[in-house]
Protein chains: 2
Amino acid sequence: MSLPHAILTALLEKPSSGLELTRRFDKSIGYFWSATHQQIYRELGKLEAEGFIRTLPAEQPARGQKKSYEVLPAGRAELARWTAAAQDPKTMRDPLLLRLRAAAVVGTEGLESDLSRHLELHRRQLAKYREIEERDFPPDRDAPQDRLRHLVLRAGIDLETFWTQWLTHALTEFGELPGADGNGSGADDAR
Amino acid sequence: MSLPHAILTALLEKPSSGLELTRRFDKSIGYFWSATHQQIYRELGKLEAEGFIRTLPAEQPARGQKKSYEVLPAGRAELARWTAAAQDPKTMRDPLLLRLRAAAVVGTEGLESDLSRHLELHRRQLAKYREIEERDFPPDRDAPQDRLRHLVLRAGIDLETFWTQWLTHALTEFGELPGADGNGSGADDAR
DNA sequence: ACTCTTTATGCAACTAGTTGCACAACCGCC
DNA sequence: GGCGGTTGTGCAACTAGTTGCATAAAGAGT
C-alpha cells in the first residue's frame with residue numbers, strides 16, 4: 001500500500017498533474033518507488049474519490065487537458081498516519097541472486113555477460129546519485145528536511161556502491177572458476 | 001517470471017513435495033525469493049502441465065497424501081535458458097525509504113520506533129546468515145558450486161550489514177534533529 | 001470409537017503492478 | 001486548412017503475489 005502515499009508525498013512537495021507526477025517519479029521518487037503513468041492516473045482517481053486530494057480549481061476540462069491536483073488536509077493526515085505506522089520489512093526478492101543460485105546447479109554459461117551489463121548499469125546509477133548529491137546537498141546546508149532527504153539519497157548511493165562491489169567480486173570469482181562446467185551435475189542437498 | 005525457476009532450482013537440488021518446498025523456501029531460497037505455499041502448489045501444477053517436472057512414481061494418491069516432484073530434462077533446459085538470458089534489473093521499491101521521504105514533509109513523529117524495530121530485525125537476519133556461513137562454508141572447501149552459493153550468501157550478509165549500518169546512522173540523525181517538528185510545514189520544490 | 005492436532009494439498013477471491021492501446025487537444029508549419 | 005508530432009489522460013486485459021478458507025488423511029490421547 002505504498003503507491004498512494006508516494007503520490008501524496010510528491011503532491012505535498014509540489015501540486016502536479018498526472019504527467020508531471022510521472023516525470024517526477026522517473027527522476028526522483030521513482031528511484032525507490034517506481035510507477036508507470038497508468039498506475040499514477042488510476043491512483044489519482046482513487047485518492048480523489050477518497051477525499052485525500054482534489055483538482056486545482058483553475059481549469060477542470062475534459063480529455064487532453066491538464067488537470068493538477070493538490071493534497072487536502074485529510075490526505076496529509078493519512079500520510080502522517082501511514083508514515084508512523086509499524087510496517088514489516090518487505091520480503092526480499094532478487095532474481096539475480098536466484099540466477100546465481102541456479103547457475104550453481106545448471107552451470108554458469110552465458111551468465112557472465114549479463115552480470116557485466118548489470119555492473120555497468122549500477123555504476124551509471126551510482127554516478128547519477130553522486131551528481132544529485134553534489135548539486136543538492138552541499139556540505140553546509142542542514143535544515144531538517146534536507147538532512148532526511150540526504151539520508152535517503154545516501155541509502156541509494158550506498159546500495160549502488162554495494163552492488164558494484166559485489167558484482168565486481170562475482171565476476172572475479174567467475175574468472176577463477178574451473179572453465180566451462182556447463183552441466184553442474186552432482187548438485188544435491190539444499191542449504 | 002522467477003518463481004517457477006526458483007522452484008526448478010530447489011527441485012534440482014533435491015526432489016520434494018509441495019510442503020517440503022515451502023519449508024525449504026522459508027529457510028534458504030526464500031531469503032532472496034520468498035513464496036507462500038499457495039504460490040508453490042499453483043506453480044507446481046503449471047510446471048507439471050508444461051512438462052518441466054513430474055511426480056515421483058512411488059505414490060500418486062489423492063488429497064492429504066504426499067506427492068513428490070522431480071525435474072525433467074526439459075525443466076533443466078528451461079532453467080539453464082532462463083539463467084543465461086539477459087534480464088533488466090528490477091525497479092527498486094522500498095517503503096522504508098519512501099516513509100523517510102514522507103517524514104521530511106509531514107514530520108518524523110512515530111517513525112523512530114519502527115526504525116529501531118527494523119534495525120533489530122536486520123541484526124537478527126545478519127546473525128542468522130553468519131551462522132549459516134560458519135556452518136556451511138568453512139575456509140577450505142571450494143568446489144565451484146560452493147563458491148557460487150557462498151557468493152550468494154555473501155550478498156545477503158553484505159546487504160544486511162548495509163541496512164544495520166544505515167539504520168544506525170539514521171537513528172543517530174533523528175536524535176540530532178531539532179526536537180518535535182511534527183508538521184514539516186514549508187516543504188516545496190521536488191528533488 | 002471419537003475427537004484433536006498435525007501434516008498436506010488445494011480453490012477462490014482479492015490486491016498490486018504491467019502492457020498495450022485509444023483518443024483528445026494543442027502546436028507548428030508549409 | 002490540413003498533416004504530423006507532442007502532450008496529456010485514460011480504459012481493458014493481463015500477470016504476479018496475497019489472504020482466507022476448505023478438505024483430507026494420519027497419528028495421539030483418552
Side-chain angles (χ1 to χ4, degrees), chain A residues 1-8 10-11 15-26 29-30 32-50 53-56 58-69 82 87-95 98, chain B residues 1-8 10-11 15-26 29-30 32-50 53-56 58-69 82 87-95 98:
Chain A
M1 292 291 304
S2 298
L3 178 59
H5 303 97
I7 291 177
L8 287 172
L11 286 181
S16 309
S17 69
L19 195 64
E20 279 163 357
L21 275 177
T22 306
R23 292 204 213 293
R24 287 173 55 202
F25 265 69
D26 283 346
I29 299 215
F32 41 89
W33 200 276
S34 61
T36 62
H37 77 274
Q38 282 85 350
Q39 277 178 278
I40 289 171
Y41 281 119
R42 211 190 319 171
E43 208 60 46
L44 283 171
K46 281 194 210 167
L47 287 169
E48 190 178 21
E50 289 169 314
I53 61 174
R54 69 164 177 193
T55 57
L56 280 178
E59 322 104 68
Q60 196 195 349
R63 266 178 167 239
Q65 280 317 85
K66 215 161 94 162
K67 198 161 70 170
S68 281
Y69 294 89
W82 176 82
Q87 287 176 48
D88 286 327
K90 76 239 159 264
T91 59
M92 146 102 149
R93 287 222 168 90
D94 192 317
L98 203 55
Chain B
M1 294 291 304
S2 297
L3 179 58
H5 302 96
I7 292 178
L8 287 172
L11 286 180
S16 309
S17 69
L19 196 64
E20 280 163 356
L21 276 178
T22 306
R23 292 203 213 294
R24 287 173 57 202
F25 266 68
D26 283 347
I29 299 216
F32 40 90
W33 200 274
S34 62
T36 61
H37 78 273
Q38 282 85 351
Q39 277 179 278
I40 289 172
Y41 282 119
R42 210 189 319 169
E43 208 59 48
L44 282 172
K46 279 194 212 168
L47 286 168
E48 190 178 21
E50 290 169 314
I53 61 174
R54 68 164 177 196
T55 58
L56 279 178
E59 322 104 69
Q60 195 195 347
R63 266 176 168 243
Q65 281 314 87
K66 216 161 93 163
K67 200 160 72 171
S68 282
Y69 294 89
W82 177 81
Q87 287 176 48
D88 286 326
K90 75 239 158 267
T91 59
M92 146 102 149
R93 288 223 167 89
D94 192 316
L98 203 55

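Chain naming here is simple, since letters A, B, ... match the order of the sequence lines and numbering starts at 1 in each.
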When the distance from [atom1] of [X] to [atom2] of [N] is rounded to whole Å, what number comes out?
X      : N       : atom1 : atom2 : result
M1(A)  : dG17(C) : CE    : P     : 9 Å
L3(B)  : dT18(D) : CG    : P     : 10 Å
L19(B) : dT6(C)  : CG    : P     : 14 Å
Q38(B) : dA13(C) : CD    : C1'   : 12 Å
R42(A) : dT15(C) : CZ    : C1'   : 10 Å
Q39(A) : dC11(D) : CD    : C1'   : 15 Å
R23(B) : dA8(C)  : CZ    : C1'   : 9 Å
I40(A) : dC11(D) : CD1   : P     : 15 Å

| task | Name the nucleic acid region contacted by T22(A), choosing base, sugar-phosphate or nothing; use a 4.0 angstrom heavy-atom cut-off, strictly under. | result |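 Answer is nothing: T22(A) stays at 4.0 Å or more from every strand.
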| field | Any side-chain donor near an acceptor of the partner, S16(B) and R24(B), under 3.5 Å | value |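 Side chains of S16(B) and R24(B): pair found under 3.5 Å.
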| So which nucleotide from dG17(C), dG10(D), dA8(C) ends up closest to the side chain of W33(A)? | dG17(C)
| query | Relative to the 5' end of DNA chain C, which residue comes earlier, K46(A) or Y69(B), by the nucleotide with the nearest heavy atom? | reply |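 With K46(A) and Y69(B) compared, the 5'-side residue is Y69(B).
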| request: Kindly indicate whether the side chain of H37(B) and the base of dG10(C) share any N or O donor-acceptor pair separated by less than 3.5 Å? | output: yes
| said: Between H37(A) and F25(A), is the side-chain contact (heavy atoms from CB on, under 4.5 Å) condition met? List the steps. | reply: CA-CA 9 Å; H37(A) 77 274; F25(A) 265 69; over 6 Å; no
| message | For A10(A) versus I29(A), what's the shortest heavy-atom pair and its separation? | response |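 Heavy atoms only, the tightest pair is CB-CD1, 3.8 Å.
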| message | Can you tell me if Y41(A) touches the phosphate of dT9(D), counting only side-chain N or O atoms and a distance under 4.0 Å to OP1 or OP2? | response | yes
| field | Short side-chain to backbone donor-acceptor contact, S34(B) and G30(B), under 3.5 Å | value | no
